[in-house]
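Here's the structure, in structure tokens; my notes come after.
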Number of protein chains: 2
Amino acid sequence: MPSVPATATTGGTDATDVGTVTARLRVSATRLARLLRRQGDTGLSPSQLSALTSIENHGPMTLGALAEHERVAPPSITNVVAKLEDKGLVTRSPCASDRRVAHVSTTAAGAALLDEVRQRKDVWLAARLGELSDDERERLAAALDVLDHLTGLDRP
Amino acid sequence: MPSVPATATTGGTDATDVGTVTARLRVSATRLARLLRRQGDTGLSPSQLSALTSIENHGPMTLGALAEHERVAPPSITNVVAKLEDKGLVTRSPCASDRRVAHVSTTAAGAALLDEVRQRKDVWLAARLGELSDDERERLAAALDVLDHLTGLDRP
DNA sequence: TATTGTTATACTCTATAACTATA
DNA sequence: TATAGTTATAGAGTATAACAATA
């Protein structure tokens, strides 16, 4: 019994019913993400990893911008960035034009750590994909752009 | 450039290449799970929510079994269960045959809370699915059993 | 005076070590 | 003596409030 009833616009069979697709996709996406996360131990705390990832994705940022992006209070970012700096994963550069401001960027070591984690996850996931049949892999490949669309990855 | 090269067994085009599918699926699954998590605020800490979910999924458990399942130290479970009990989401029942042991189970309120969270996520996700074209929804539906297979949901 | 970031402090979460009750 | 769980205590992590430096 789907938690969200099918709308009048769908008109599919039970398996393509929006409510059914919703609940199944919610469960498998959550589960897959958890399995992936389990492959990616970094020695960093969740906030440290999240901040490092954001810095890499967005490029050099001020501490304030980073705090806002991480939805975290300014003192927490001070702390997180200090830890990342201690580990040599990010560097701070004081802003020349406004000396209150500091920008943080990933170091080569920081980028390498993130890349290594992604690779470890990819190795695990590729092995799981290897266990699928050709037909299954094709159906999965055919749905990838739908997942991109769903998560906004088609318009970054 | 995919992090994991295509194997000799695939022979697909670039879009169905295992390395490409791997990286794209990793990113979109992670992203979808994060978006879902953002819809599901419960007022519980991550460990409390995780423990409550495990108790619901597995049925009544001893504290020790729960600690092991959550990969957490025994004193942490004592604490987590105490908080959940304070909120009326779980109950403890002392074991009749071994009075050192206590079992925990979800209350009706605990089950209702979990259900409400799932429903909130489903409402959000169903709205996103509603933005897809019929063709996209069909391709997604056709890949659901693959995701189940991938995450072990086909053999629970 | 407003803004950026830090320091001071308190609270939550989780761990290890020592303990209690039961087997 | 061994086991299930709790209490004592310490170390992260993050928040609010007060502060310092700069604009």
Side-chain angles (χ1 to χ4, degrees), chain A residues 34 37-38 40-55 58-106 110 113, chain B residues 34 37-38 40-55 58-106 110 113:
Chain A
R34 182 168 55 237
R37 214 175 313 125
R38 197 172 292 174
D41 186 33
T42 54
L44 300 180
S45 76
S47 357
Q48 287 167 21
L49 179 58
S50 176
L52 182 60
T53 305
S54 294
I55 296 166
H58 286 72
M61 311 174 74
T62 67
L63 291 179
L66 182 57
E68 201 173 334
H69 190 264
E70 297 293 300
R71 298 165 198 263
V72 118
S76 305
I77 276 299
T78 295
N79 186 15
V80 166
V81 168
K83 299 258 167 67
L84 291 174
E85 202 182 11
D86 283 350
K87 295 174 201 264
L89 303 175
V90 304
T91 46
R92 307 167 54 120
S93 5
C95 180
S97 63
D98 183 343
R99 282 159 50 197
R100 294 172 303 181
V101 175
H103 292 265
V104 283
S105 1
T106 55
L113 176 65
Chain B
R34 183 168 54 238
R37 214 175 314 125
R38 198 170 293 173
D41 187 32
T42 54
L44 300 180
S45 76
S47 354
Q48 288 167 19
L49 179 58
S50 176
L52 182 60
T53 305
S54 293
I55 296 166
H58 286 71
M61 312 173 74
T62 68
L63 290 179
L66 182 56
E68 201 172 335
H69 189 264
E70 297 293 301
R71 300 164 197 263
V72 119
S76 304
I77 275 299
T78 295
N79 186 15
V80 165
V81 168
K83 298 258 167 68
L84 291 175
E85 202 182 11
D86 283 349
K87 295 173 202 264
L89 304 174
V90 304
T91 45
R92 307 168 54 122
S93 6
C95 180
S97 63
D98 183 343
R99 282 161 48 199
R100 294 171 304 180
V101 174
H103 292 264
V104 283
S105 0
T106 55
L113 175 66

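Values below: every heavy atom of this structure, side chains too, minus hydrogens, waters and symmetry copies. Just so we're on the same page: letters track the sequence lines, and every chain starts at 1.
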Would you tabulate the pairs of protein nitrogen or oxygen atoms and nucleotide nitrogen or oxygen atoms of nucleotides 16-20 of chain C closer than 3.5 angstrom?
none

Using the 3.5 Å cut-off, write out each protein N or O paired with an N or O of nucleotides 20-23 of chain D and the distance between them.
| residue | atom | partner | partner atom | Å |
| --- | --- | --- | --- | --- |
| D/dT22 | O2 | A/Arg100 | NH1 | 3.4 |
| D/dA23 | OP1 | A/Arg99 | N | 2.9 |

Query raised in the report: What pairs with B/Gln48 under side chain to side chain donor-acceptor pair (under 3.5 Å), at least two apart in sequence or on another chain?
Result: none
Requested in this report: Please report, rounded to the nearest Å, how far the P atom of D/dG11 is from the CG atom of B/Asn79.
Outcome: 18 Å
Requested in this report: Return the value, rounded to whole Å, for the distance between atom CZ of B/Arg92 and atom C1' of D/dA4.
Outcome: 11 Å
Query raised in the report: Between B/Met61 (CE) and D/dA4 (C1'), how many Å, whole number?
Result: 15 Å
Query raised in the report: Looking only at side-chain N and O atoms, does B/Lys83 come under 4.0 Å of OP1 or OP2 in C/dT12?
Result: no
Query raised in the report: Which residue pairs satisfy the ring-ring contact (aromatic ring centres under 6.0 Å, His included) criterion with at least one member in residues 63-106 of chain A, sequence neighbours excluded?
Result: A/His58-A/His69
Report task. Return no unless some side-chain N or O of A/Thr78 is found under 4.0 Å from OP1 or OP2 of C/dT6. Result -> yes
Requested in this report: Take the protein atom CD of A/Glu85 and the nucleotide atom C1' of C/dG5, then report the distance between them rounded to whole Å.
Outcome: 14 Å
Query raised in the report: Between atom CG in B/Leu63 and atom P in C/dA21, what is the gap in whole Å?
Result: 18 Å
Please list, one pair per line, the donor and acceptor atoms closer than 3.5 Å that link side chains of residues 73-80 of chain B to other protein atoms, with sequence neighbours excluded.
| residue | atom | partner | partner atom | Å |
| --- | --- | --- | --- | --- |
| B/Thr78 | OG1 | B/Pro74 | O | 3.4 |
| B/Asn79 | OD1 | B/Lys83 | NZ | 3.1 |

Requested in this report: Can you sort out the partners of B/Arg100 under side chain to side chain donor-acceptor pair (under 3.5 Å), two or more places apart, ordered by chain and number?
Outcome: B/Asp98
Query raised in the report: Is the distance from OP1 or OP2 of C/dT12 to the nearest side-chain N or O of B/Gln48 less than 4.0 Å?
Result: no
